[in-house]
Amino acid sequence: MEFQFSEKVSHLQASAIREILKYSADPAVISLAAGSPAPEALPTKQLEEISKEILAEEPSIAFQYGVTEGYTPLRDEVKKILADKGVYNPEYDEVIITSGAQQANELSAKVLCNEGDVLLAESPSFIGSLNAFKSYHVDLKGVTLESDGINIEELEARLKEGGVKLVYLIPNFQNPTGNTMSWEKRVKAFELCKKYGAVILEDNPYGDLRFAGEDIKCIKTLDTEGSVIYSGTFSKILAPGIRVGYVCAHKDIIQKIVVCKQVADVHSTMWSQMLAYRFLNKYDLAEHLVSLRKVYKHKTELMLGEIAKNFSSKIEYTKPQGGLFIWCTLPEGVTTQQMLDFCTKAVKEYKVAIVPGTAFEIHEDDPTRSFRLNFSTPTDENIVKGIGILGKLSKEMFGE
Ligand SMILES: Cc1ncc(COP(=O)(O)O)c(C=O)c1O
């Protein structure tokens, strides 16, 4: 049967990367394409222990319906985390638990944006959020991302054009670039958005994964009137499979998000929320984060070192101080098709998967000569092997 998909979703597709993902399924492929935490960073032993306790002590809560706003003890814990970190000191009705940050971002756009409203995002940006925004038929526009955050002049020009409802920012170790927004730009972006009446959606899944440099305060710390929505997640610090995230926003926004979440999934899985809560209570989160940062520091340094040794000297790349990604840019003059050929050849002939930059463009056919590398998922051995192979191919295609 030929299905007639709705206009909302018929334009959502990732055709440029479909070919590459097809080959990535081969177990012989070294994947530098994932966005997942390091397997060795997952606290599986602790989660196993807590799981047993939940089953023994509170099975009827774990397997029952819960309230849409989230498991109360976890909401309290999230409130405490936000306050302790100095992000924000939320009231009870300013925080809810979501099914990952993905849902927090999606619902934020849903409650604020009408069809045709302008939504600004860093260019490039996280594909999951971009697709969520596109499904609401917003007028999605990009603002150039620089090594220290979005270009502020361009942001102001876009805001001046009018109609901007939401500005989506990933200030820490951005996906896909690994770039971090400077404090100066955070302040300027906040002031500009306030001046032009746009709400900021600050997505911070990687903030706790800083392994070098100094922490920079969140944009939410500047917020006195509720013009910043802050989304967080346990995916990158605990486990993405539990699908537990949260959103902190003005209570009027939260109220609407709650109604939309009721429609979407009623509530996030109680079992998962209890896992997160018990982990925070039983173990030392700060200690756990120290061990995660150690793993990621090692893997980043290993990958950066191998890139320096092996890649064509004409390829530029970011040197992130946290997060999971390195962003590589092929020499000037290289076309989008040549970048795609490089990525396809890497996976098809040499069995190394990377994600072409097209996946993160605001509009899929926007030109790009970049690709994303992930250092968290592969083993050390595969980092060395994979980067070695890509290096050889890069020199073959783009010169020494
Ligand atoms: C920037 C960004 N936001 C949100 C998410 C979604 O995270 P979650 O697993 O909490 O839904 C990701 C996941 O990779 C991400 O990179």
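Excluded from the calculations below are hydrogen atoms, water molecules and symmetry mates; all remaining heavy atoms, backbone and side chain alike, are included. For ligands, and for the atoms within them, numbers begin at 1 and follow the listed sequence.
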Practice prompt. Would you check whether Phe234 reaches within less than 4.0 Å of ligand 1, judged by its heavy atoms?
Written response: no
Worksheet item: Is Ala101 touching ligand 1 with its side chain, its backbone, both, or neither, if touching means heavy atoms under 4.0 Å apart?
Response: both
Worksheet item: Does ligand 1 have a heavy atom under 4.0 Å from the side chain of Gln174, from its backbone, from both, or from neither?
Response: neither
Worksheet item: Closer than 4.0 angstrom: is that true for some heavy atom of Arg243 and an atom of ligand 1?
Response: yes
Fill in: Min heavy-atom dist Gly128 to ligand 1 below 4.0 Å
no
Discussion item. Give the atom numbers and elements of ligand 1 that come within less than 4.0 Å of a heavy atom of Ser235.
Written reply: 8 (P), 9 (O), 10 (O)
Side chains of residues 380-388: which donor-acceptor pairs under 3.5 Å do they make with residues two or more places apart or in other chains?
{"unit_1": "Asp380", "atom_1": "OD1", "unit_2": "His298", "atom_2": "NE2", "d": "3.3"}
{"unit_1": "Asp380", "atom_1": "OD2", "unit_2": "His298", "atom_2": "NE2", "d": "2.6"}

Item to complete: Tell me, please: is Gln103 in heavy-atom contact with ligand 1, that is, under 4.0 Å?
Response: no
Fill in: Under 3.5 Å donor-acceptor, Glu122 side chain and Ile170 backbone
yes
Response to the item:
atom 16 (O) of ligand 1 has as its nearest protein heavy atom Tyr206 OH, 2.5 Å
Discussion item. Side chains of Tyr196 and Glu156: any donor to acceptor distance under 3.5 Å?
Written reply: yes
Discussion item. Counting only nitrogen or oxygen atoms and a 3.5 angstrom limit, does Ser129 reach ligand 1?
Written reply: no
Discussion item. If the cut-off is 4.0 Å to any non-hydrogen atom of Lys236, which atoms of ligand 1 fall inside it?
Written reply: 13 (C), 14 (O)
Worksheet item: Near Thr233, which atoms of ligand 1 are under 4.0 Å from a heavy atom of that residue?
Response: 8 (P), 10 (O)
In residues 159-167, what donor-acceptor pairs under 3.5 Å come from side-chain atoms, sequence neighbours left out?
{"unit_1": "Lys165", "atom_1": "NZ", "unit_2": "Leu112", "atom_2": "O", "d": "2.9"}
{"unit_1": "Lys165", "atom_1": "NZ", "unit_2": "Asp117", "atom_2": "OD2", "d": "2.9"}

Fill in: Geometric cation-pi criterion, Lys220 with Tyr88: 6.0 Å, 45°
yes
Fill in: Same cluster (ILVMFWY, side-chain, under 4.5 Å), Ile216 and Leu289
no
Worksheet item: Taking N or O atoms only and a 3.5 Å limit, does Ser99 qualify as a polar contact for ligand 1?
Response: no
Worksheet item: Under 30°, 30 to 60°, or over 60°: which ring-plane class applies to Phe360 and Trp327, parallel, tilted or perpendicular?
Response: perpendicular
Worksheet item: Any Lys/Arg nitrogen of Glu91 or Lys79 sitting under 4.0 Å from an Asp/Glu carboxylate oxygen of the other?
Response: no
Worksheet entry | Among Thr233, Thr98, Asp203, side-chain hydrogen bond (donor to acceptor under 3.5 Å, both in side chains) partner for Asn105 | Asp203
Discussion item. Give the atom numbers and elements of ligand 1 that come within less than 4.0 Å of a heavy atom of Pro205.
Written reply: 1 (C), 2 (C), 3 (N), 15 (C)
